[in-house]
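Reading through the structure tokens given below for one structure.
No experiment lies behind these values; they were computed from the predicted model shown.
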There are 2 protein chains.
Amino acid sequence: MKVKKEAHNFRSNCPLSLGLDLFGDKWSLLIVRDLLYYKERTFKDFSLAKEKISSARLSDRLSKLEDLKIITKSNHPTNKKVFIYRLTQKGLDLAPIIAECMSWSYTYFNEHLSDKTKKIVEAYQKNPEQVLKQFKSQ
Amino acid sequence: MKVKKEAHNFRSNCPLSLGLDLFGDKWSLLIVRDLLYYKERTFKDFSLAKEKISSARLSDRLSKLEDLKIITKSNHPTNKKVFIYRLTQKGLDLAPIIAECMSWSYTYFNEHLSDKTKKIVEAYQKNPEQVLKQFKSQ
DNA sequence: TATTTTGCTTTCGATTTGAAAGTAAAAATA
DNA sequence: TATTTTTACTTTCAAATCGAAAGCAAAATA
């Protein structure tokens with residue numbers, strides 16, 4: 001339970017700066033990415049992602065994203081200790097940013113990427129709308 | 001002059017994670033933003049942007065972006081003390097990420113934005129290709 | 001009942017940050 | 001020509017943020 005509702009201290013009214021103030025760190029969008037791929041994730045699921053986020057950082061980012069209403073946190077149907085995180089519409093709408101970032105890396109760091117990843121990006125570049133739609137409906 | 005060429009230590013081969021490792025901080029994309037708007041900028045120009053980056057941070061980010069070949073640094077035609085920073089193609093290609101981030105903020109933080117900004121985002125939402133093309137040709 | 005799993009929190013040393021002051025060279029001004 | 005100002009940084013330092021590891025309590029499982 002969060003008590004202190006920290007007032008947002010935005011650096012400017014630029015919409016880019018605003019976005020960076022909210023989720024412009026090394027981890028937030030990776031959490032969103034996992035939720036785009038898998039739709040539902042638990043704390044442990046996120047911990048197992050290959051970037052190896054620490055539990056302190058993950059805990060912090062999850063509550064920030066929840067405060068921002070980018071994700072929701074709900075109870076597991078049978079296991080009281082486990083929580084299920086999902087994207088809201090606000091979170092889903094971060095997909096284009098993520099896709100464009102992936103697309104850029106595809107162009108300039110192609111050799112670092114897995115074949116599976118390349119195929120997703122290629123599909124996105126060919127038909128962005130369709131790939132984004134897939135994320136939203138899966 | 002940079003001596004130590006630090007080896008990139010990427011957290012994973014995910015293209016999103018890769019992008020975040022390179023420019024996923026609070027300042028790098030704001031520098032790119034200024035260059036998208038104005039094409040040419042000096043150290044002082046960047047310093048005057050409304051987000052008020054400190055000179056130490058600006059200096060650090062400019063050399064990182066130059067190392068990444070996202071920007072170039074060249075001499076001022078008449079003033080030896082001044083340098084001119086510009087985007088490379090690699091840097092220009094960050095425009096869609098920036099535009100999508102602005103678009104997201106437009107949707108969810110509309111009331112924070114200036115009318116001028118809103119108009120740009122509206123134009124982008126109506127015809128992304130055209131707005132991006134404008135950036136590249138101005 | 002004992003052990004394991006889960007979702008955290010706590011601790012702590014290391015890294016990164018912003019703010020401020022300092023610097024040196026070049027340019028502008030007197 | 002001498003002095004002042006401008007520019008592009010660098011340096012310093014306290015504060016904030018970070019990752020790694022350990023700790024914890026409740027719930028699930030064996």
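Atom CD of A:Glu51 and atom C1' of D:dG19 are 15 Å apart (whole Å). Taking atom CG on B:Asp25 and atom P on D:dA16, their separation rounds to 20 Å, with Å as the unit. Rounded to whole Å, atom P of D:dT7 lies 16 Å from atom CG of B:Leu62. Regarding B:Arg57, its CZ atom lies at a distance of 12 Å from the C1' atom of D:dT11, rounded to whole Å. When the P atom of C:dC8 is taken as reference, atom CZ of A:Arg41 falls 15 Å away, rounded to whole Å. Per the geometry, CG belonging to A:Asn9 stands 16 Å off C1' belonging to D:dA15, to the nearest Å. When the P atom of C:dA27 is taken as reference, atom CZ of B:Phe83 falls 11 Å away, rounded to whole Å. Rounded to an integer number of Å, the gap from CD1 of A:Ile53 to P of D:dA21 is 16 Å.
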*asked:* Assess the residue pair A:Arg57 and A:Glu51 against the criterion (salt bridge (charged side-chain N to carboxylate O under 4.0 Å, His left out)); give the C-alpha distance rounded to whole Å, side-chain angles, the decisive distance to 0.1 Å, and a yes or no.
replied: CA-CA 12 Å; A:Arg57 219 48 44 212; A:Glu51 291 86 6; over 6 Å; no

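Taking the side chain as every heavy atom from C-beta outward, B:Asn9 and B:Asp21 never approach each other to under 4.5 Å. Under the 4.5 Å side-chain criterion, counting only non-hydrogen atoms from C-beta, A:Val131 is not in contact with A:Val121.
Comparing C:dG7, C:dC8, C:dG18 against the side chain of A:Lys73 picks out C:dC8 as the nearest.
At C:dT6, one or more side-chain N or O atoms of A:Lys44 fall inside 4.0 Å of OP1 or OP2 (strictly under the cut-off). Between B:Arg61 and C:dT17 there is a side-chain polar atom (N or O) within less than 4.0 angstrom of OP1 or OP2. Taking side-chain N and O atoms only, B:Tyr85 has no distance below 4.0 Å to OP1 or OP2 of D:dA8.
Across all strands shown, A:Arg11 has no heavy atoms under 4.0 Å from either base or sugar-phosphate atoms. Using a 4.0 Å heavy-atom distance criterion, A:Phe46 is classed as making no nucleic acid contact. Contact annotation for B:Ser47: no contact, since no heavy-atom pair falls under 4.0 Å across all strands. Looking at heavy-atom distances under 4.0 Å, A:Lys26 makes no contact with the nucleic acid at all.
Paired with B:Leu94 under the rule side chain to side chain contact (heavy atoms under 4.5 Å, CB included), one option of B:Ile70, B:Leu87, B:Leu65 passes, and it is B:Ile70.
Mapping B:Ser59 and A:Ser55 onto DNA chain D by nearest heavy atom places B:Ser59 at the nucleotide closer to the 5' end. Projected onto DNA chain D by closest heavy-atom contact, A:Trp27 and A:Asn79 fall at different nucleotides, the more 5' of which corresponds to A:Trp27.
Between B:Phe10 and A:His112, the ring-plane angle classifies as perpendicular under the 30° and 60° cut-offs.
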